[in-house]
Amino acid sequence: MPELPEVDAVVRRLREAAANSTIHSIKVERPGTVLPHQPTDFKPLHGATILDVRRRAKHIFIHLSTNQHLHIHLRMTGNLYVLPDYRLRPHTTRLWCRLTDNRVLIFDDSRALGKVHLVSSDDIQRIESELGPEPLESAFTPALLKTILANVKSPIKPALLDQTRIAGIGNIYASEALWHARIHPATPAKDIRASKIKPLHAAIQKVLTEATASAYREYSQPGTQIASEEFGVAAYGRTGEPCPRCNTPIERIVQAARSTFFCPRCQQL
DNA sequence: TCGATCCTGTAG
DNA sequence: CTACAGGATCGA
């Protein structure tokens, strides 16, 4: 279940395994995965070479020698990896690409919420233009964060999940960043004190940087399942457990239909 | 800005 | 059995 650090690790692993490989054939096991396309739309890609694999926020783009791109979003449970033979694919495989060396690129997604679309360079430009800045790039400064949050009436936690504001923060690391910055998740974004902007910016980068390093280590083994077990979670999923800073029991609330975890003592309104 | 929705799997 | 899951979109 990927957030940005896991997507980044998946992309890196895939690039190493599949760049410069040629697609022998593509099989769509579940048509809903490729909607609005028809499975037959992928036939012209047979024989195409994978030029590169990259990501923008949580969107993955596989550039093909036909000058088309596979636009992949893993959503909640998607995963991408290469196996030595197509017969080894799990039953939750939604689409797979057999490569000319007989290895197979698997799009595995148990909940089937993820998507694989065939797009043009123009489509990619449009998709990217609707996304906020990458939280780990140098353009994302405390000053920019301040601008992004100004006038935003919604609570900070759901605001951090809005990909048009900042692109790449997900539910776990939003909770974790707010815990590190000692900000209550229900604080209206525009009301975050100026003195808290820098700590929040630092917390976002710290959490994502550490999670990325952790995801790289976990995914260095081919075929590793998605999970961020090595990353040291402070609050997420720890309802009732003591806050690592002050021992107050962590609480769970629901915001915009997503779970939020926080320390009611360290993170006050 | 909220709730429902797309799906399946797993934990309690 | 029910509740919940790390995402995103749609309509009310």
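In the text below, chain A, chain B and the rest are named by the order of the sequence lines, each starting its count at 1.
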Practice task
Taking only the side-chain heavy atoms of L113(A) (C-beta and beyond), determine which of dT9(C), dA5(C), dC7(B) contains the nearest atom.
Solution key: dC7(B)

Problem - Separation of atom CD1 in I166(A) from atom P in dA8(C), rounded to whole Å - result: 14 Å

Practice task
Calculate the interatomic distance between M76(A) atom CE and dG7(C) atom P; express it in whole Å.
Solution key: 6 Å

Practice task
Could you please name the option among dA5(C), dG7(C), dT8(B) that lies closest to any side-chain atom of R30(A)?
Solution key: dT8(B)

Exercise for the section: Answer yes or no on whether R238(A) is positioned over the face of W179(A), meaning its NZ or CZ is under 6.0 Å from the six-membered ring centre and within 45° of the axis. Expected result: no

Fill in the blank from the handout: Re dT8(B): Watson-Crick or G-U wobble partner, both distances kept under 3.5 Å, found to be dA5(C)

Completion exercise
Of the candidates dT8(B), dA8(C), dA5(C), the side chain of R94(A) sits closest to dT8(B)

Practice task
Round to the nearest Å and state the distance from D108(A) atom CG to dT8(B) atom P.
Solution key: 14 Å

Handout entry: Whole-Å gap separating P (dA8(C)) and CG (L4(A))
Key = 10 Å

Exercise for the section: For N171(A) and dA5(C), give me the distance from atom CG to atom C1', rounded to whole Å. Expected result: 10 Å

Problem - T92(A) vs dT8(B): side-chain N/O to OP1/OP2 distance below 4.0 Å - result: no

Practice task
Name the residue closer to the 5' end of DNA chain C, choosing between R111(A) and L161(A) according to the nucleotide with the nearest heavy atom.
Solution key: R111(A)

Exercise for the section: Examine dT1(B): is either OP1 or OP2 under 4.0 Å from a nitrogen or oxygen in the side chain of K153(A)? Give yes or no. Expected result: no

Practice task
Could you tell me whether K196(A) atom NZ has more than 12 heavy atoms of other residues or ligands within 6.0 Å of it?
Solution key: yes

Practice task
Could you tell me the separation between the NZ atom of K115(A) and the P atom of dT5(B), rounded to a whole number of Å?
Solution key: 17 Å

Exercise for the section: Would you mind reading off the distance between L74(A) atom CG and dA5(C) atom C1', rounded to a whole angstrom? Expected result: 16 Å

Problem - dA8(C) OP1/OP2 closer than 4.0 Å to side-chain N/O of H73(A) - result: yes

Exercise for the section: Can you tell me the distance, in whole Å, between the CG atom of D109(A) and the P atom of dC6(B)? Expected result: 16 Å

Problem - Whole-Å C1' distance, dC1(C) and dC6(B) - result: 23 Å

Exercise for the section: Could you tell me whether the side chain of R103(A) and the main chain of A17(A) form a donor-acceptor pair under 3.5 Å? Expected result: yes

Practice task
Using only side-chain N and O atoms of Q163(A), determine if any of them is under 4.0 Å from OP1 or OP2 of dA8(C).
Solution key: yes

Exercise for the section: With heavy atoms under 4.0 Å as the rule, sort H91(A) into base, sugar-phosphate or nothing. Expected result: sugar-phosphate

Problem - Short side-chain donor-acceptor distance under 3.5 Å, H59(A) and H71(A) - result: yes

Completion exercise
NE2 (H63(A)) and CD (Q68(A)) are apart, to the nearest 0.5 Å, by 9.5 Å

Fill in the blank from the handout: S110(A) has its side chain closest, among dG7(C), dC4(C), dG9(B), to dG9(B)

